[in-house]
Protein chains: 2
Amino acid sequence: MSRVYNFSAGPAVLPLEVLQEAQADLVNYQGKGMSVMEMSHRGKDYMAIQDEAQANIRELLGLSSDFEVLFIQGGASLQFAMVPMNFLGKDTFADYVCAGNWGAKAAKEARLFGQVNLAASCDKEIPTRMPEPDELAWTPGAAYAHITSNETISGAQWKQMPVTGAPLIADMSSDILSRPIDVNAFSMIYAGAQKNLGPAGVALVVIRKDFAEKGNKALPNMLRYTTYIENGSMYNTPPCFSIYMLSLTTRWLKNFGLEAIYRQNVEKAALIYAVIDSGTFYRGTAAKAYRSDMNVTFRLPTEELEARFCEEAAKAGLKGLKGHRSVGGIRASIYNAFPVAGVEALVSFMKDFEKRCG
Amino acid sequence: MSRVYNFSAGPAVLPLEVLQEAQADLVNYQGKGMSVMEMSHRGKDYMAIQDEAQANIRELLGLSSDFEVLFIQGGASLQFAMVPMNFLGKDTFADYVCAGNWGAKAAKEARLFGQVNLAASCDKEIPTRMPEPDELAWTPGAAYAHITSNETISGAQWKQMPVTGAPLIADMSSDILSRPIDVNAFSMIYAGAQKNLGPAGVALVVIRKDFAEKGNKALPNMLRYTTYIENGSMYNTPPCFSIYMLSLTTRWLKNFGLEAIYRQNVEKAALIYAVIDSGTFYRGTAAKAYRSDMNVTFRLPTEELEARFCEEAAKAGLKGLKGHRSVGGIRASIYNAFPVAGVEALVSFMKDFEKRCG
C-alpha cells in the first residue's frame, strides 16, 4: 500500500494512525457488532464518542466552563450566515476584517442582516497579508468583530490576534489547534473540520454561553446556537462518523501535544519558505510577517512553469499543490497531520526543479 | 467478527458489503494513495463519487431533467426551516399534514415564516395513522403542501400519496427508496440519509428546478436551494464521506432493484405484523391500513414486560428495539439494508418471549 503526500487545502491529510484505527473498526466498532455509522446517536456507545470529542477540544483549547463546544453541520460557510443571523439586527452593526477571500465571504453574508463596517480591508493586495495593528478601525458599540485567523487561499495568517472592545469572533477553519491560542480573548471561534480536525461534514463552534444567549430567539432551531447548547449538539442526528473521526484526530493531537505540533508546524513551513527565499525562482505570495504556517503559497516565473511544476510533482507522489482556482500559483497545505517527510520531499523536489528549469 | 441485528431507527444498519468495501478502501481509496476523507472535493476522484451518487439517485427515482438532485448538510431538521425560508412569506400560507412527531416539527418551524394551515392533524391519536383522504382540507392558493411519508416514531406510513393542487413537498427521511413512487407528483422530496441512504451527515433533496427558482433570493447562500443547484452541491465543501457512503449504498440498491427491495420490505414487515396479529400479547401501535413497512411499532401488556423484552432481545443479539423515548413501547426499524435473517430471528424471539411471559 503506497500513500502519496497530499498537500490538499481541505479536505486534507489525516493522521495515518487515525485512518488505520477507523479502518480496523469500520464494520464492527470495538466489538459492538456494528459500525459507528450504524449506531443510534442516543445510545451510550456513540455518546461516549461525542463526549470524548468534546472533552478533547476542551482540554486542547484549555476551555473554562464559560465556553460551550458545539458540533454543527454546514461548515464554516453556514457559520458565515449563522453568526449575523444570531447576533446582528437591523439596528446594530458589526466589524469585519477582510484580509482574504474567506473574510470577504463572511462579511457578504452578514450584510443580509445588518450593517457591516470593514475594520480593515486588504483582501485584494499582493503580497497577501493581514492588517497592521494601526490600520484597524474598530467601531465603538459593534455587536461583534469578525476575523479570519488564517486565509487558506492567500496563505496569510494573523501572528498576534487583534484586540477590540467588541466580542471577538474568529473563523479558524484553517489553523484551529495548529498553535496555542488564548481562547479567553474570543467570544466565539468556529472551524470547518476538514483541515486540522477531521473529515468534512462537521464544523466546530466554541462559544461563550452568555454570548450565545444574546442570540436572536426567533430563528429556526437548527440556526440558533442555544439549540445546540441545550441539546448537547444532538437536537437532531449529528454527523456521527465525522465527529468520531474528529474524536480520534483530537486524541492523536493530545498525544502529540499542542506545543509540540506548533513547533513542528513552524519548522515544516520554515523548510519550504527557506527554499523560496534562497533565490528568485520562487516568489512567496504572502508578506513575510504574515506567512502562514498552514498554507505556503508561492509563484514560479511563468504559469507554464507552474503547470509543469504541479504535473511533475504529482508524478513524484506530491499531490494537490495547485493553488486555488481563483488565484493560481502553487499552494502547499501542510496541516498538523502532514508528515515532515512529505515537506522534505517537496523541498528536494523544489530544489531539483529549480536546477532543471531555473 | 460477529455483527448484531441492529433495529435502530437511524442511524441504522448499512449493507454489509458496502461497509466492507468502504473498509477495504478507507486508507487508500482505489489505489489513489489517500482516503476519500482526505481528497480535495474539487479533484476528479471525488467528483466521480459525487457524480455517481447523483446518477444513482436519478436512475432509482426515474427523474426527468426537470428535477435536480442536491446534497445538503443539517438533516431533515434543517429542511424543516429551509422549506419555509425559501417558499413561505409573510403574505402567503402553506398546508401541513401533521400525522406524527416529524410533521408537527416541520409545521412548527414554518410558523416562524408565514401562515400554516393544518390540512389534517392526527398526530396525537392512538392507534397512530395517516389521514383518510376525506379528512384532508387543502387550502386553495397554498404556496405548497407538506407531508411526511412515513412517521418514524409512530410507525404509520402513507400507502397512497395525497393529491393537492399546491406544489407537494414530502419529508421521506424514513422510507425514501424503500418503494417505487411517482416522483412527478412532487415538487420537492427530502430525506436525511441515515435510514435508507447511508450514514448521518447528509440530506438528499430532490427538487423541481422551476420550483427552486421561486425561492426567496435574499437568503444566505447556504440556505437557498438555487445555490446548491448552481454549484452542483459544491458551493462549499460537501460532506464527502457521507456522500461516498450514499453512492455505495445506492449502487447496492441499484443492483438489488427497487421493485425487489420493495417486495422484500413488505415481506419483512409482514412477518412481524403476523406475530403481532396472532394473539393479544402484542398490540400494534399503528392502524392496520397505515402500518409502516419501515418501523414496526408495538406494545406489550406492561412497561415492565417491554423493558424485559428489550433487555433479553439485546442479549440475544437483537439491538435497538426500544421505542422512541417520547412514546415508549417497542420499535423494530427494518430499513432496506436490514437482513431478512434478522427479522426471522426477531419473529422467533417474539414467539418464544410470548410463550414464556404471555
Side-chain angles (χ1 to χ4, degrees), chain A residues 1-4 6 8-14 16 19-20 22-23 26-28 31-35 37-43 46 73-78 80-81 85 109 112 192 194 198-202 218-223 235-242 245 317 319-320 325, chain B residues 1-4 6 8-14 16 19-20 22-23 26-28 31-35 37-43 46 73-78 80-81 85 109 112 192 194 198-202 218-223 235-242 245 317 319-320 325:
Chain A
M1 191 205 74
S2 108
R3 299 247 305 160
V4 298
N6 175 12
S8 293
V13 62
L14 292 166
L16 182 57
L19 287 171
Q20 286 168 335
Q23 181 174 45
L26 199 81
V27 176
N28 188 350
K32 303 293 182 186
M34 63 181 82
S35 173
M37 286 181 267
E38 302 175 298
M39 286 179 175
S40 168
H41 55 295
R42 306 210 186 267
Y46 175 73
Q73 295 185 60
S77 293
L78 187 60
F80 295 167
M85 289 177 95
E109 294 296 68
L112 292 171
Q194 65 270 18
V202 62
L219 295 171
N221 280 300
M222 291 292 288
L223 299 174
Y235 172 74
N236 73 332
T237 313
C240 303
F241 193 76
S242 293
M245 292 300 297
K319 304 270 188 178
R325 60 212 152 99
Chain B
M1 190 204 76
S2 108
R3 299 247 307 161
V4 298
N6 175 12
S8 293
V13 62
L14 293 166
L16 182 58
L19 287 170
Q20 285 168 335
Q23 181 174 44
L26 199 81
V27 176
N28 188 350
K32 303 293 181 185
M34 61 181 81
S35 173
M37 286 182 268
E38 303 176 296
M39 287 179 176
S40 168
H41 55 298
R42 306 210 186 267
Y46 176 72
Q73 294 186 60
S77 292
L78 186 60
F80 295 168
M85 290 176 94
E109 295 296 67
L112 292 170
Q194 65 270 18
V202 63
L219 295 171
N221 280 301
M222 292 292 288
L223 299 174
Y235 172 74
N236 74 331
T237 313
C240 303
F241 192 76
S242 293
M245 291 301 296
K319 305 270 188 178
R325 60 212 154 98

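Since this is a predicted model, take the numbers as computed values, not measurements. Both backbone and side-chain heavy atoms feed into the values below; hydrogens, waters and symmetry mates do not. Naming: A, B, ... by sequence-line order, numbering from 1 per chain.
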Looking at B:Gly192, B:Pro220, B:Gly317, B:Pro199, which has the largest count of heavy-atom pairs under 4.5 Å with chain A? B:Pro220

Quick check on the interface: out of B:Gly31, B:Ala76, B:Ala200, B:Cys240, who has the most heavy-atom pairs with chain A under 4.5 Å? B:Ala200

Within the distance-only criterion (no hydrogens, no angle test), does the side chain of B:Gln20 pair as donor or acceptor with the backbone N or O of A:Val27 below 3.5 angstrom? no

Under 4.5 Å heavy-atom distance to chain B, tell me which part of A:Leu219 shows up: side chain, backbone, both or neither. backbone

How long is the gap from NZ on B:Lys319 to CD on A:Glu38, to the nearest 0.5 Å? 13.5 Å

Residue, of A:Ser77, A:Ala22, A:Gly75, that accumulates the most heavy atom pairs under 4.5 Å with chain B: A:Ser77

Search all heavy atoms of A:Val202 against all heavy atoms of B:Gln73 and return the closest pair with its distance. N-OE1, 4.3 Å

Under 4.5 Å from any heavy atom of chain A - which part of B:Ser242: neither

Chain A interface, residue from B:Lys32, B:Gln23, B:Arg42 that has the most non-hydrogen pairs under 4.5 Å: B:Gln23

Does A:Asn6 use its side chain to pair, donor to acceptor, with the backbone of B:Met34 at less than 3.5 Å? no

Would you compute the distance between atom CG of B:Asn28 and atom CZ of A:Arg3 and round it to the nearest 0.5 angstrom? 7.0 Å

Which one of A:Pro239, A:Pro11, A:Gly201 has the most heavy-atom pairs closer than 4.5 Å to chain B? A:Pro11

In this structure, CG of A:Leu14 is separated from CE of B:Met37 (nearest 0.5 Å) by 6.5 Å

Which of the residues B:Ala81, B:Gly198, B:Ala12, B:Ala9 is involved in the greatest number of heavy-atom pairs with chain A at under 4.5 angstrom? B:Ala12

Contacting moiety of B:Leu112, where chain A heavy atoms sit under 4.5 Å: side chain

Does B:Gly74 offer a backbone N or O that forms a donor-acceptor pair with the side chain of A:Asn236 under 3.5 Å? yes

Among the listed options B:Met245, B:Gln194, B:Arg325, the residue most often paired with chain A at heavy-atom distances under 4.5 Å: B:Arg325

